[in-house]
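Worksheet for the structure shown next.
Numbered from 1 within each chain, the chains take letters A, B, ... in sequence-line order.
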Amino acid sequence: MQLNDQEIQRRNSLQELRKLGIDPYPAELFPVNVTTRKIKEEFDASPEKFKEVSIAGRIMNRRIMGKASFAELQDETGSIQLYIARDNICPGEDKTLYNTVFKKLLDIGDIIGVSGYVFRTKTGEISIHVETLKLLSKSLKVLPIVKEKDGKVYDSFSDPELRYRQRYVDLIVNPQVKETFIKRTQMVNAMRHFLSARGYLEVETPILQPLYGGASARPFKTHHNTLDMTLYLRIANELYLKRLIVGGFDGVFEFSKDFRNEGMSRFHNPEFTQVELYVAYKDYEWMMNLVEEMVEYVALQLHNTTKIPVGEHIIDFKRPWKRYTMYEAIQEYTGIDISNMTEEELVKTAEELGVKVDESMGKGKLIDEIFGETVEGNLIQPTFITDYPIEMSPLAKKHRSKEGLVERFEAIVNGKEIANAFSELNDPIDQRERFEAQLELGKRGDDESMVLDEDFLNALEYGMPPTAGLGIGIDRLAMIMTNSHSIQDVLLFPQMRPLKKKKEASIEDFTALGISPEWIPLLKEKGYDSPEAIRSAKASKLRNDLNGLRKKKKLKIPALSEEEVQAWIDKA
RNA sequence: GAUUCCGUAGCUCAGCCGGUAGAGCAACGGCCUUUUAAGCCGUGGGUCCUGGGUUCGAAUCCCAGCGGGAUCACCA
């Protein structure tokens with residue numbers, strides 16, 4: 001492992017600390033009796049409560065001024081300034097703790113615990129006057145230093161790749177990131193509370209499924225050794241939750257991690273979260289009202305208002321939301337009434353509107369494409385779109401009065417679907433026919449069409465009550481509720497392409513060439529990291545590089561002759 | 001998958017009509033007991049993503065690769 005100068009420096013400090021009898025990673029607990037937030041919120045009202053505080057956190061900044069210093073201590077809730085005076089933390093003759101430990105051996109990033117009292121400095125900042133200081137964990141890596149003045153951020157740690165790959169660093173140096181994930185959890189908690197309070201049962205259903213269903217998407221495939229069978233990571237949990245409705249639970253929901261083997265983008269991660277809800281004896285009209293109420297409730301819980309800034313827009317979740325049928329929406333945005341068109345007419349219309357079409361598309365898919373292309377992106381404020389073509393919705397009940405449509409709605413916010421729901425199809429014979437129609441689409445080349453699930457049909461044949469079902473994309477909703485530009489910003493650990501790691505040659509690979517061990521680190525430092533690299537080297541250059549480095553590092557090993565180096569190359 | 005832009009010190013970036021590297025912060029040494037993007041003086045630190053090409057000479061120009069961003073396409 002190659003260490004840079006500052007990393008070597010910190011490892012040296014670590015050894016120095018041990019020599020002084022200080023354990024850089026002590027085992028015992030450190031008593032914490034306050035948080036930085038509590039101090040900042042309550043000190044002015046009741047300063048007497050903060051005469052003996054004990055607090056722990058990470059050093060984020062240091063300003064050393066001779067016999068006194070200021071430091072920034074960051075805990076989970078925020079940060080506070082420490083005032084550390086030499087003669088306060090070292091009351092006796094021995095000033096080592098201040099002069100050596102604090103000033104020389106501690107670094108930004110170290111985790112410490114301090115005790116003392118809270119006061120205000122001359123410049124008015126609430127600070128802790130430190131009386132005792134203890135190292136709790138030495139940091140060996142250099143943090144990016146983000147500074148801020150008058151709301152302006154300097155040297156921000158903003159490279160998305162680094163932020164996503166090393167989320168822990170992102171969380172340390174970017175406070176607003178922490179805020180986003182707190183909001184996300186609050187959002188899920190609010191929804192859970194909303195649903196539980198209505199008496200619906202939160203359940204867990206299989207993630208590993210022998211058949212994938214309940215949505216149109218390509219799955220991830222895996223294998224169970226003992227059963228010697230293929231299993232799929234679920235793309236949805238719908239069919240399992242409906243089995244539970246058959247079983248007599250009248251309201252069930254699950255926050256479900258689903259997996260879809262599709263492209264990745266700022267709206268798509270291979271694994272994502274949905275909440276699905278099924279309620280017996282209800283229909284999609286009823287469900288629309290629930291969605292409005294729940295999302296409005298979430299907004300109020302998170303922001304104390306229904307108006308939320310998202311990018312350029314202010315989105316208002318106040319009920320009631322606008323409602324359009326799909327045909328009405330298309331007519332509104334294109335001026336074309338497609339409600340009575342044949343498949344040929346739809347293809348022609350789609351092409352006129354600049355919508356791409358291909359052979360595999362049925363009538364429903366064509367309508368859906370036209371909608372997606374011409375309407376969806378324009379729906380910024382929360383809007384319900386109802387009554388979808390039957391071909392696109394094999395699990396939804398036929399519309400009670402409109403031929404060729406189903407009782408389905410989607411909720412669209414900021415140009416993206418956040419919820420999808422329908423009156424669930426409970427006619428087992430109709431359901432079987434719909435699955436078979438999907439199989440036909442599959443033969444036409446639509447590789448996202450659904451497969452036939454016999455056991456699910458078996459459940460329906462026992463009789464499922466009329467049921468309303470709902471799915472809400474948690475990540476999408478979290479993006480809106482936290483004003484995040486991409487899904488990666490609301491996932492703690494978004495999927496990333498793995499870093500290519502060079503396989504490292506072992507010590508033996510080098511010693512086998514007759515190279516003595518003390519030269520190996522120097523070889524690696526100069527980029528000769530494998531026997532192959534040595535084989536293609538020129539003896540004079542290699543010798544020069546190594547002896548140069550030896551001199552620069554003032555190493556007390558004998559210099560190399562060209563013959564020695566040539567011998568390595570010949571062997572390699 | 002397509003288009004496009006980017007890859008220089010631990011971090012943020014400058015240098016790019018060719019002459020082998022700079023700034024601020026961070027680090028190191030020194031001064032400083034209420035400062036705050038602390039300050040002042042001094043020092044060290046770089047396979048300029050990788051590989052090839054053009055050239056007397058490449059961080060800079062050309063080609064290929066790797067990695068990443070953005071936009072678009074498919075899926076939630």
Atom-to-atom span, [atom1] of [X] to [atom2] of [N] - whole angstrom:
X: Asp87(A); N: C32(B); atom1: CG; atom2: P; value: 13 Å
X: Met65(A); N: C31(B); atom1: CE; atom2: P; value: 15 Å
X: Glu373(A); N: C72(B); atom1: CD; atom2: P; value: 11 Å
X: Phe267(A); N: U71(B); atom1: CZ; atom2: P; value: 9 Å
X: Glu276(A); N: A76(B); atom1: CD; atom2: P; value: 12 Å
X: Ile126(A); N: U35(B); atom1: CD1; atom2: C1'; value: 16 Å
X: Arg163(A); N: U12(B); atom1: CZ; atom2: P; value: 12 Å
X: Arg266(A); N: G68(B); atom1: CZ; atom2: C1'; value: 17 Å

Phe253(A) and Phe255(A) aromatic ring geometry - parallel, tilted or perpendicular at 30°/60° bounds: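 The arrangement is perpendicular - the two ring planes meet at more than 60°.
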Aromatic ring pairing Tyr83(A)/Phe70(A), orientation class (parallel under 30°, perpendicular over 60°, tilted between): tilted
Residue whose closest nucleotide on RNA chain B lies nearer the 5' end, Phe157(A) versus Gln6(A):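 Its nearest nucleotide being more 5', the pick is Phe157(A).
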First of Ala68(A) and Glu417(A) reached from the 5' end of RNA chain B, by closest nucleotide: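 This one resolves to Ala68(A).
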I want to verify a distance call: between [options], whose nearest atom is closest to the [X] side chain?
X: Arg476(A); options: A76(B), C28(B), U35(B); result: A76(B)
X: Lys122(A); options: G10(B), U35(B), G68(B); result: U35(B)
X: Val142(A); options: U36(B), A27(B), G10(B); result: G10(B)
X: Asp5(A); options: G45(B), A26(B), U34(B); result: G45(B)
X: Lys104(A); options: U35(B), C32(B), G29(B); result: G29(B)

Whole-angstrom distance between [N] and [M], as gauged at atom [atom1]:
N: C6(B); M: C25(B); atom1: P; result: 28 Å
N: C13(B); M: C49(B); atom1: P; result: 15 Å
N: A59(B); M: U20(B); atom1: C1'; result: 9 Å
N: C74(B); M: G22(B); atom1: C1'; result: 46 Å
N: G7(B); M: C48(B); atom1: C1'; result: 10 Å
N: G1(B); M: G19(B); atom1: P; result: 38 Å
N: U60(B); M: A21(B); atom1: P; result: 13 Å
N: C62(B); M: U55(B); atom1: C1'; result: 12 Å

Would you call [X] and [Y] a salt bridge, taking side-chain N to carboxylate O under 4.0 Å as the test?
X: Arg184(A); Y: Asp475(A); answer: yes
X: Asp170(A); Y: Lys178(A); answer: no
X: Arg10(A); Y: Glu7(A); answer: no
X: Lys363(A); Y: Glu391(A); answer: no
X: Arg266(A); Y: Asp489(A); answer: no

Look through every strand shown and name the nucleotide pairing with [N] as Watson-Crick or G-U wobble, where both distances are under 3.5 Å.
N: G18(B); result: none
N: A70(B); result: U3(B)
N: A27(B); result: U43(B)
N: U34(B); result: none
N: U60(B); result: none

NZ or CZ of Arg62(A) within 45° of Phe102(A) ring axis and under 6.0 Å: yes
ring centroid sep under 5.5 Å plus plane angle under 30, Phe272(A) with A76(B): yes
Ignoring hydrogens and angles, are the base of [N] and the side chain of [X] linked by a donor-acceptor pair under 3.5 Å?
X: Gln274(A); N: A76(B); answer: no
X: Tyr83(A); N: U33(B); answer: yes
X: Thr123(A); N: U36(B); answer: yes

Any base atoms under 4.0 Å from [X], or only sugar-phosphate, or nothing? Heavy atoms, all strands.
X: Ile64(A); result: base
X: Glu369(A); result: sugar-phosphate
X: Asp368(A); result: nothing

N/O (side chain, Lys67(A)) to phosphate O (OP1/OP2, C31(B)) under 4.0 Å: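 Indeed not, no polar side-chain atom of Lys67(A) lies that close.
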